Amino acid sequence: MRRSTEMQGARSPALLQLLLLSCCVCATAGHPFKTPLDLDVTPRITVLSSGLNGCRRFQSSAVNYSTMLLEADSERLYVGARGVVFCLNASDISASSALTIEWEASPEQKRQCLLKGKDNETECYNHIRLLQRFNSTHLYMCGTHAFRPLCAYVEKKRFVMSSQPEEGRDKCPYDPTTGYTALIIDQQMYTASQYEFRSYPDIRRNSPPPTLKTEDAPTRWLNEADFVGSALVRESLNSSTGDDDKIYFFFTERSQEQKTTYSHSRVARVARVCKGDRGGRLTLQKRWTSFLKARLMCSLQEYDFHFNVLRSVFVMPGHTPEDTLFYGIFGLEWKNVKASAVCRFSLSEVQEAFGGPYMENQDSGSKWKEYTGKIPDPRPGTCITDALRARGINVSTSLPDDVLDFVRRHPLMSQQVQPSDRRPLLFRRTTHYTHMAVHMIQGLDGQTNHVLYMGTDEGWLHKAVEIEGQLHIIEELQLFEEPQPVNALLISAKQMSVYVASPSGVVQLPLSSCRRYATCYDCIFARDPHCAWNGAQCVDMMTYTDRSTLIQDIWRGSRGCENIQEDVVQRSRSVRVGDDVLLQCELSSNLATPLWTLDGSELQGYGLSSGFRTGTDGLLIIEARQDQSGLYTCYAVENEIKVAVVTYNVTIHLNLAPPPPLEPTEDPYGLFATLPLTTERPSSERPLPPAPLLPRSDLLSPRNMEAMYLALITILGGLCVVLTVVLVYVGFCLRVGNRGKYSLRAAASAYPSSKKHNRNKKTLRSSSHMELKTISSNCNGNGICNGVSKQRNGGIQDGGFLQIVPGEGHPSPNKEPPPPAPPLPPTPPLQSPECVFPNGLSATLPSVLRRMNGNSYVLLRQSDSDNASPLCYSFAEELNKILEKRKHTQLLPRPDESSV
Ligand SMILES: *[C@@H]1O[C@H](CO)[C@@H](O)[C@H](O)[C@H]1NC(C)=O
Ligand SMILES: *[C@@H]1O[C@H](CO)[C@@H](O)[C@H](O)[C@H]1NC(C)=O
Ligand SMILES: *[C@@H]1O[C@H](CO)[C@@H](O)[C@H](O)[C@H]1NC(C)=O
Ligand SMILES: *[C@@H]1O[C@H](CO)[C@@H](O)[C@H](O)[C@H]1NC(C)=O
Ligand SMILES: *[C@@H]1O[C@H](CO)[C@@H](O)[C@H](O)[C@H]1NC(C)=O
């Protein structure tokens, strides 16, 4: 059940639409937004692959893991890849017990594939496209087999192919990426695809005979349909009308009814057939007599903005067949825009559309409109029900000709299927979701919560919970170091796991990782229906029998922790007047905003003149004055609740004796001037070890350091200018992703090739182990960066396209051990893991503040990922401001003019 990544679409209309989208989204972003729908939901926390808990992986020499079949009771996960099928232990896919069936196309077959003009690096292999249960003892599988599809039975017990492979041409597409869906129900096999390159798309029942198909003339029932899923709904169960079971198919196709407008050239559809259909006798012989289709709408109606491409569906069974829900991931018609929307449809809405008026294509032209004439009796396209049986119509072959002829010409319904609440549950501008699965779980309050797991085209997993018709993204997890699309996604309630297949392997993750939340408020703010606070820990509710003492608040995400005393980290700083002090405070939640108090009163105005700057990772006191001494507290504000994170007792001395090991005159930049001061350290913190003698290497000589810092500033300044230009350019149309890593890659490739370009590229590469972060994100209404806190708040009143949030790509989840000390040139050789310098410098924390030539401050952050890149969001601005303020002349006026 994969979807095609190939979309055919006219090029120039796509460009036009792109412009329209830019306008639409920018306009949306620029105006105060009135509806409560959040136009770009921010995941609450970001977890990198190095920080994943309980993650299990399966990898082998094979690639292109694409299909999965779970047999929860026998603890088996079957996985189809390129040329091989695996049988894994579903409880632990990394266990060594994997069984395999090798099934690759022969060299001769591959040679013929190459002769057909296919790509022998990707297409001329046996890509497993179908893997399903056939009966209690056998599985059935199909593969593309180097453009000559074959199918075969697999004996489950021994996990071997039980017979020679058989012809698969009518059941399996030739191409590994063509949209395809298949179902085996009671040994009947339903498939839908555009099987061969030139053939029409078709929905088929292949067995038992006779094979039923869709009709091509006089009215084509399917137009370039790209299938993403199918589902059986057992509507015969307890049916008062003796209704039949139905099979629903989900796809995107070329629009018939609105040929004129570009924006509607493709549409999302749901179609259905009856399971008992046997075709007609004369009219519609070996064709479905019950085929009907309707449009699935997923749009931002305020902007008349439609998501026309269906990428994935998940069918959520209800208590009764009527309660069935269809979740769909929708995208836009042009490939280079990553936006995704999630819409949910109820079966009853779909049924209503199929029970409503038909569309009609008049005189076989292009004009479609609602049919208003007489509808034959019995109603065309319905299943055989008791009412028909009473009239002697027991099977579809007994249906009258006029009814069947009507069916043949009227496959499309006039009514569109609207999503619940008439709008998407989620909209994200910068993410391309490929697959999803939904899990239902009862919260402490007895409410049923729907938890969605969505995989992206870059190998991330988003877990979201629906709260009042909107999705709150609990977390985003990086599943793979290398970006790669999620090919398939499965949930097992029994194994409490989610399985994700990708080109390089399969990942198994627990449905929840509650231990990640260290405090009661963290646990509550997460709003994870799996998690609750038990007084001491955030625990998985499922594993808890006594739930009476648990605390959970999914609905508001704020209540229950009022009476819980939580420890606040306490630190001391002691510095001299005129020093600059960084008080670190990193917030784990992307939805939290920092708030600082001094001796209990909120710090007002963080501008340069106030002497304070706040950033996403701390507060900077610039040129400390004595009256700025006191108790500073950093709060994380989330869901309108202030939670203290860290307090600093800051003492600012008028004058302190110079440190013995270092002559201040030897350190003209003040870099180490305050190093060895260890006054007023609370007993909870270990005192600093005696400061070792700093090596007086040439590296540390004032001249060299000056040159070094000048060079660094120059590089960074130049980089920023170029990056800003490029990001404006890239961000304008392509919606710069909010992960620095990816946007930077895009930026690098978007450089014009010039001398300057080469120089900067070199810089990019050479500094790829560091990430720049500015201290301040409060730009006093400066358009370029006032998006940070607001976007993190979930609002979108930001500046539209330039919303690169510093460090969002590489946040340091609190629970990860801090990476080792950065290998930066003049690192003081300190070893104690807890030593913190009085002015906020730290040898072990990932961030180090460096005083640069008395002019500026940069937070150099070492990153453990090789992909890390400098992100200099508003750094140029920062630099300029400080330069302006201090009027230093040592720096070149235009940093990018000096050679690097
Ligand atoms: C198979 O995986 C490779 C990378 O591992 C990728 O380049 C290729 O496109 C994939 N093919 C299909 C059909 O998914
Ligand atoms: C799967 O692994 C679990 C534990 O890792 C083990 O208890 C179980 O027996 C295994 N199941 C099978 C079918 O091998
Ligand atoms: C694909 O075919 C080319 C010749 O057309 C050959 O050089 C290359 O080795 C083949 N690649 C594979 C993977 O077979
Ligand atoms: C399942 O189907 C296979 C293949 O048709 C057949 O050989 C086997 O006997 C069937 N098993 C049962 C229990 O019907
Ligand atoms: C239809 O089925 C009913 C009972 O199920 C039977 O009595 C009747 O003869 C059948 N009619 C035809 C035309 O097969």
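Predicted model only: the values in this text are computed from it and were never measured.
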### Heavy-atom neighbours of R559 CZ exceed 12 at 6.0 Å
no

## Note on the structure
Note: A518 and W533 closest approach over all heavy atoms is O-CH2, 3.5 Å

### Task
Would you kindly say whether the two SG atoms, from C531 and from C538, are closer than 2.5 Å?
no

### Task
Determine, step by step, whether T647 and Q570 satisfy the side chain to side chain donor-acceptor pair (under 3.5 Å) criterion, reporting the C-alpha distance in whole Å, the side-chain angles of both residues, the deciding distance to 0.1 Å, and the verdict.
CA-CA 5 Å; T647 66; Q570 295 179 356; 4.7 Å; no

#### Entry: W596 and L583, any side-chain heavy atoms less than 4.5 Å apart
yes

### Query
For S49 and Q478, which heavy atoms make the closest approach, and how far apart are they?
N-OE1, 3.0 Å

### Query
Side chains of Y632 and T597: does their closest heavy-atom pair fall under 4.5 Å?
no

### E638 vs Y521, side chain to side chain contact (heavy atoms under 4.5 Å, CB included): CA-CA, chis, key distance, verdict
CA-CA 9 Å; E638 193 167 354; Y521 271 118; over 6 Å; no

### Query
Can you tell me how far CZ of R576 sits from CG of L654, rounded to the nearest 0.5 angstrom?
11.0 Å

### Query
Are E476 and T431 side-chain neighbours, meaning at least one heavy-atom pair lies under 4.5 Å?
no

### Message
Taking atom CG as the centre, does D567 end up with more than 12 heavy-atom neighbours from other residues, nucleotides or ligands that are less than 6.0 angstrom away?
### Response
no

### Query
If you draw a 6.0 Å radius around CD in E640, do more than 12 non-hydrogen atoms from other residues or ligands fall strictly inside?
no

### Message
Do V643 and T519 make a side-chain contact, defined as non-hydrogen atoms from C-beta onward lying under 4.5 Å apart?
### Response
no

### Task
Using atom types as modelled and distance alone, determine if a side-chain donor or acceptor of H472 lies under 3.5 Å from a backbone N or O of D528.
no

### Query
Is the closest side-chain heavy-atom distance between N53 and R516 below 4.5 Å?
yes

### Task
Check for a donor-acceptor pair, side chain of D40 on one end and backbone N or O of R429 on the other, with a separation under 3.5 Å.
yes

### Query
Once you find the SG atom in C585 and the one in C634, is the distance between them below 2.5 Å?
yes

#### Entry: Exercise: identify the closest heavy-atom pair between R527 and I474
O-CD1, 3.9 Å

### Message
With side chain to side chain contact (heavy atoms under 4.5 Å, CB included) as the criterion, how do F612 and I621 come out once you've worked through the C-alpha distance, each side chain's angles and the decisive distance to 0.1 Å?
### Response
CA-CA 5 Å; F612 297 111; I621 307 174; 3.9 Å; yes

### Task
Please tell me if the side chains of L619 and L603 come closer than 4.5 Å, counting only heavy atoms from C-beta onward.
yes

### Message
With side chain to side chain contact (heavy atoms under 4.5 Å, CB included) as the criterion, how do I622 and R613 come out once you've worked through the C-alpha distance, each side chain's angles and the decisive distance to 0.1 Å?
### Response
CA-CA 8 Å; I622 302 164; R613 319 288 305 270; 3.2 Å; yes

### Which atom of L52 lies closest to which atom of L477, heavy atoms considered
CD2-CB, 3.8 Å

### R44 to F525 - nearest heavy-atom pair and separation
NH2-CB, 3.4 Å

### Message
Could you check whether any side-chain heavy atom of R556 comes within less than 4.5 Å of a side-chain heavy atom of N639, counting everything from C-beta outward?
### Response
no

#### Entry: Distance-minimising heavy-atom pair for T42 and N590
CG2-CB, 3.9 Å

